[in-house]
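Below: one structure, written as structure tokens.
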Amino acid sequence: MRFGDTLPPELDHDPFKAILTPRPIGWIGSRSAGGVANLAPYSFFCGVCAKPNMIGFASEGLKHSFANARDRGCFTFSLVSSGLVQHMNVTSSAEEEEVDEFQLAGLTKAESVEIDAPFVAEAPAALECVTISATQLKDRFGALLDRYFLIGEVVQTHIRDEFIRNRRFDTEAAQPVSRLGYFDYATVTETWELDRPDPQIL
Ligand SMILES: Cc1cc2nc3c(=O)[nH]c(=O)nc-3n(C[C@H](O)[C@H](O)[C@H](O)COP(=O)(O)O)c2cc1C
């Protein structure tokens, strides 16, 4: 089967998000113009590059996280571990700007060192980021879309002590949760190594 812009009769929903899996969840922390803490999950989220380390997320519609990170020039990422899934889900509800989603979800705000944005204290790891690009996306015909992409450079990394083992971040212990398609999620519970044909620097 193949299809372009139109869904074939064999499928009920666009399988794009189910094919593009697993996607890490960018749990984005920011502050509004009025100083209220904001927290929301974004699975159109990715690592962009390393050295310098950069991450990016896409906002479908002009949402608070994008506007805050663009206007205040910074944001945080917190890792969603399996024990934090319900909290993450609560923070996905559409709230007014004056609602603090950390409070709403019963999470502890940890204050950043380099930037003015909070992160989730309960998360195994978190990143402080300075916004370097915030763009409105266009489609292939050049038409502006109600879709936005923001990239930030990581300026500070936080790891809770119990998630460092053998001088590495212990991904298995952190049990990151990823987004699949539909209402599906997956948890990383097992990892394995694969050597590359060429020598690599970690
Ligand atoms: C797991 C998960 C992933 C999500 N990923 C995205 C995404 O990539 N882009 C987006 O615009 N909304 C996404 N959402 C919905 C937003 O989290 C939701 O619209 C939220 O209210 C936005 O909050 P904000 O306006 O405070 O940024 C996601 C929701 C969940 C539960």
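What you see is a predicted model, and the numbers here were worked out from it, not measured in a lab. Just so you know, ligand 1 is whichever comes first in the structure, and atom 1 is the first atom listed for that ligand.
- Remark: minimum distance from atom 23 (O) of ligand 1 to any protein heavy atom is reached at A40 CB, 3.2 Å.
- Heavy-atom contacts of S59 reach the following atoms of ligand 1: 11 (O) (cutoff under 4.0 Å).
- Listed by number with element, the atoms of ligand 1 under 4.0 angstrom from any heavy atom of A94 are 21 (O).
- The protein heavy-atom contact nearest to atom 26 (O) of ligand 1 is N38 ND2, 2.9 Å.
- With hydrogens and angles ignored, the 3.5 Å screen pairs no side-chain donor or acceptor of R31 with any backbone N or O of N68.
- Atoms of ligand 1 found under 4.0 Å from any heavy atom of S93 (numbered from 1 in listed order, with element): 21 (O).
- If you number the atoms of ligand 1 from 1 as listed, the ones under 4.0 Å from a heavy atom of A58 come out as 7 (C), 8 (O), 9 (N), 10 (C), 11 (O).
- Under the 3.5 Å distance criterion, the side-chain polar atoms of R179 are left unmatched by any main-chain donor or acceptor of P24.
- Residue-level proximity to ligand 1 for F66 is absent, since no heavy atom of it falls below 4.0 angstrom.
- Ranking protein heavy atoms by distance to atom 25 (O) of ligand 1, first place goes to H64 N, 2.9 Å.
- A donor-acceptor pair is defined here as one N or O able to donate and one able to accept, closer than 3.5 Å; no such pair exists between the side chain of T131 and the backbone of R70.
- Using cut-offs of 30° and 60° on the angle between ring planes, the pair H158 and F119 is tilted.
- Under a 3.5 Å cut-off, the side chain of Q175 and the backbone N or O of G83 do not form any donor-acceptor pair.
- The closest protein non-hydrogen atom to atom 7 (C) of ligand 1 is Y42 CD2, 3.5 Å.
- Nearest non-hydrogen protein atom to atom 18 (C) of ligand 1 is S92 O, 3.3 Å.
- Just one residue in the list E101, H87, M88 forms a side chain to side chain contact (heavy atoms under 4.5 Å, CB included) with L107, and that residue is H87.
- When the shell of 6.0 Å around CD of Q86 is examined, it contains 12 or fewer heavy atoms from other residues, nucleotides or ligands.
- Counting only heavy atoms of the protein, atom 19 (O) of ligand 1 lies nearest to K63 NZ, 2.8 Å.
- With S30, P41, S65, S43 as candidates, the residue nearest to atom 16 (C) of ligand 1 on a non-hydrogen basis is P41.
- Relative orientation of the F66 and Y148 rings is tilted, given thresholds of 30° and 60° on the angle between their planes.
- E122 places a side-chain N or O within donor-acceptor distance of the main-chain N or O of T108, the cut-off being under 3.5 Å.
- Against a heavy-atom cut-off of under 4.0 Å, E60 is close to the following atoms of ligand 1: 10 (C), 11 (O).
- Counting heavy atoms closer than 4.0 Å to ligand 1, residue R179 contributes side-chain atoms (C-beta onward) but none from N, CA, C or O.
- In terms of protein heavy atoms, atom 8 (O) of ligand 1 is closest to F44 N, 2.8 Å.
- Residue F102 is tested with L104, V99, D100 for a side chain to side chain contact (heavy atoms under 4.5 Å, CB included); the sole match is D100.
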